Amino acid sequence: MKNQPAPPPDAPGGAAAGGRGAGGAHEPPGAKPTAPLPRAGMMRQRPAALWAGALVAVLALLAACTAAAAVTITRRQHQRGASAASARSSCDAFAAGRWVADASYPLYDSSRCPFIRDEFACARFGRPDTAYLKYRWQPDPPCAKPRFDGLALLRMWGGKTVMFVGDSLALNQYESLLCMLHAATPGARTTVSPASGKIDPSYTVRFEDYNVTVVYYLTHYLVDLVPEKAGRVLKLDAIDQASNWLGADVLVFDSWHWWPRTGPTQPWDFIQEGSTVVRDMDRTRAFARALRTWATWVDANLLHTDTKVFFQGISPSHYRGQDWGASPKKTCMGETRPLNGTGPYPGGPIPQQAILRSVLAGMAKPVYLLDFTYLSQLRKDAHPTKYDGGIFAGDCTHWCVAGLPDTWNVLFYAALTGQI
């Protein structure tokens, strides 16, 4: 974004069984009854009671059968659900796959999308090659090819608010999604707020014909950054700004890229946790503490709601050629093809990925991890580089729109609709 500094390099109980009597004890074969037989008078006096007892027994039997049937149906439903979940778990649509050329790509003409900011508008600023637009992510079997239907998504989201919360990588995905929805309904009326397009701290596009509101909320750390007399304080255990996220029906979060910043681009002067204030600390530890604050807020405020929560996997940068087997002096500049092969990324996983997974795994509220990291590591060709209106002067952090974030949204839609 224009108002950001340059990016860094970077069984239920039932009736008694087994021939048990009312008292639960077995009767030995051939045993004579020990209780006296009722007198005839007594028999004449108790027909109503006998019929009532029989009726109760029949009703109890019917109830037991109904309960057994209900249990059977529930179990079958559970087994079907478990089977579906097992099938999905065997399909790793994010980390097992490859980039393939697809003539039907890109999914839209970026020149017709009114929502792309200069920093992502590679075609607008003269990027001459177009091969980066023609790649589709193909997950390995048993995954099916994920599909995207923008019109169906707008209808599904009718009357709802969708919010992306995080830094400029969340904005990257947000603007890509706006373009994909716009391409599905090019004549739809939209309202932008604020009209200036300034993000302070949020920006909203409303698709009026479908009653769908899509919001971007800017926060670099998820937790609060507060100006105080002593300076700007990053509060790892405070998240008051989260009140702005309540009411959203779908929330997509991201964080990490601003945590390593130092020097002039570092937007805080102190870090505070409880009553302890320090000038600096291990950034990964700070990130982990902030994530736990966020997770506590989500569990406290969203657990008993229908809000769907997603977290965007950590997006990689390409400032170090050795990460993909090139010269250490090489960056994403001039790269026009994805990394070939289906093996592990040479540079390995981003360490903070493990922290993110651990925090999400410990939450009560289910959060879907949109684990874009690996498939994005392979796309050293998809950054704006110098084609960003001169904003960052060699950007290997953000992504062109149209481009890679469109694939993020195809997979986001697949997750929303149960395809993956």
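Scope of the values below: all heavy atoms of this structure, side chains included, with no hydrogens, waters or symmetry mates. Since the model is a prediction, treat every value here as computed from it, not as a measurement.
The closest donor-acceptor contact from the side chain of T296 to the backbone of R292 lies under 3.5 Å. At distances below 3.5 Å, not a single donor-acceptor pair connects side-chain atoms of R117 with backbone N or O atoms of L171. Looking only at distances, no side-chain donor or acceptor of Q138 sits under 3.5 Å from a matching main-chain atom of D140. At distances below 3.5 Å, not a single donor-acceptor pair connects side-chain atoms of D237 with backbone N or O atoms of E273. Checked by atom type and distance alone, the side chain of R283 never pairs as donor or acceptor with a backbone atom of W256 at under 3.5 Å. A distance-only check finds no donor-acceptor pair linking the side chain of Q419 to the backbone of A144 [under 3.5 Å]. Between the side chain of T307 and the backbone N or O of A248, at least one donor-acceptor pair lies under 3.5 Å. Formation of a donor-acceptor pair under 3.5 Å by the K365 side chain with backbone atoms of V298 is not found in this model. Judged purely by atom type and a 3.5 angstrom limit, Q241 uses its side chain to pair as donor or acceptor with the backbone of V223. One N or O on the side chain of D406 and one on the backbone of G403 form a donor-acceptor pair closer than 3.5 Å.
Annotation: side chain of F94 is in contact with side chain of L370 (closest heavy-atom distance under 4.5 Å). In this structure the side chain of P346 reaches within 4.5 angstrom of the side chain of L339, judged on heavy atoms. Using a 4.5 Å cut-off on side-chain heavy atoms (C-beta onward), D381 and D129 make no contact. Looking at H182 and Y108, their side chains never come closer than 4.5 Å, going by heavy atoms from C-beta outward. By the 4.5 Å heavy-atom criterion applied to side chains, V367 and F253 are not counted as neighbours. No side-chain heavy atom of I420 sits under 4.5 Å from any side-chain heavy atom of C143. T284 has its side chain out of reach of P351: every pair of non-hydrogen atoms, C-beta onward, lies at least 4.5 Å apart. The shortest side-chain heavy-atom distance between W408 and L375 falls under the 4.5 Å cut-off.
Here the CG atom belonging to D280 is positioned 8.5 Å from the OG1 atom belonging to T262, to the nearest 0.5 angstrom. In this structure, the separation between CG on D224 and OG1 on T219 is 7.5 Å, given to the nearest 0.5 Å. Separation of atoms NZ (K145) and CZ (R136) is listed at 4.0 Å; rounding is to 0.5 Å. Separating the NE2 atom in H383 from the CD atom in E335 is a distance of 9.5 Å, to the nearest 0.5 Å. With rounding to the nearest 0.5 Å, the separation of NZ in K235 from CZ in F270 is 12.5 Å. In this structure, CZ in R206 is found 9.5 Å from CZ in R189, a value given to the nearest 0.5 Å.
A side chain to side chain contact (heavy atoms under 4.5 Å, CB included) with Q173 is found for one member of V401, L178, V252 and no other, namely V252. Here the rule is ring pair (Phe, Tyr, Trp, His ring centres under 6.0 Å) with W99, and of Y374, W137, Y105 only W137 fits it.
Of all heavy-atom pairs spanning W245 and L222, the tightest one is CH2-O, 3.6 Å. The two atoms that bring P106 and K134 nearest to each other are CD-NZ, 4.0 Å, heavy atoms only. Across F311 and D254, no two heavy atoms sit closer than the pair CE2-CA, 3.7 Å. Closest of all the heavy-atom pairs between I350 and Q353 is N-OE1, 2.6 Å. When all heavy atoms of D249 and G159 are compared, the closest pair comes out as OD2-O, 4.5 Å. P405 and C400 make their closest contact through CD-O, 3.5 Å (heavy atoms, listed as atom of the first residue, atom of the second, distance).
Side-chain contact, T397 with S317: a donor N or O sits under 3.5 Å from an acceptor N or O. With no hydrogens or angles considered, a side-chain donor-acceptor pair links T293 and R289 at under 3.5 Å. Between the side chains of H398 and S168, at least one donor-acceptor pair of N or O atoms lies under 3.5 Å. In summary, the side chains of S176 and N409 do present a donor paired with an acceptor at a separation below 3.5 Å, with no hydrogens or angles considered.
Heavy-atom contacts from other residues, nucleotides or ligands closer than 6.0 Å to NZ of K308 number 12 or fewer. Residue K160 qualifies as open at atom NZ: its count of foreign heavy atoms under 6.0 Å is 12 or below. The environment of D282 atom CG is dense: over 12 non-hydrogen atoms of other residues, nucleotides or ligands sit within 6.0 angstrom.
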Could you give me the CA-CA distance, side-chain angles and deciding distance for D395 and Y319, then say whether side-chain contact (heavy atoms from CB on, under 4.5 Å) is met?
CA-CA 9 Å; D395 185 358; Y319 291 97; 3.9 Å; yes
Trace of the side-chain contact (heavy atoms from CB on, under 4.5 Å) decision for V410 with L107: CA-CA 10 Å; V410 170; L107 298 176; 3.9 Å; yes
Q) When you look at T373 and Y345, which way does the side-chain contact (heavy atoms from CB on, under 4.5 Å) test go after all the steps? A) CA-CA 10 Å; T373 304; Y345 183 63; over 6 Å; no
*Could you check M281 against L236 for side-chain contact (heavy atoms from CB on, under 4.5 Å), going step by step and ending with a plain yes or no?*
CA-CA 11 Å; M281 67 184 295; L236 301 182; 3.7 Å; yes
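Taking the six-membered ring where tryptophan is involved, the planes of F310 and Y368 are tilted, since the angle between them lies from 30° to 60°. Using the six-membered ring where Trp is involved, Y174 and Y216 have ring planes that are tilted, between 30° and 60° apart.
Aromatic rings of F372 and W399 (six-membered ring for Trp) have centroids beyond the 6.0 Å cut-off, not under it. Between Y221 and W259, the distance separating the two ring centers is shorter than 6.0 angstrom. Ring to ring, F207 and W157 are not that close: their centroids are 6.0 angstrom or more apart.
Using a 4.0 Å cut-off between a side-chain N of Lys or Arg and a carboxylate O of Asp or Glu, R232 and D269 qualify as a salt bridge. Remark: K380 does not engage D323 in a salt bridge, criterion side-chain N to carboxylate O under 4.0 Å.
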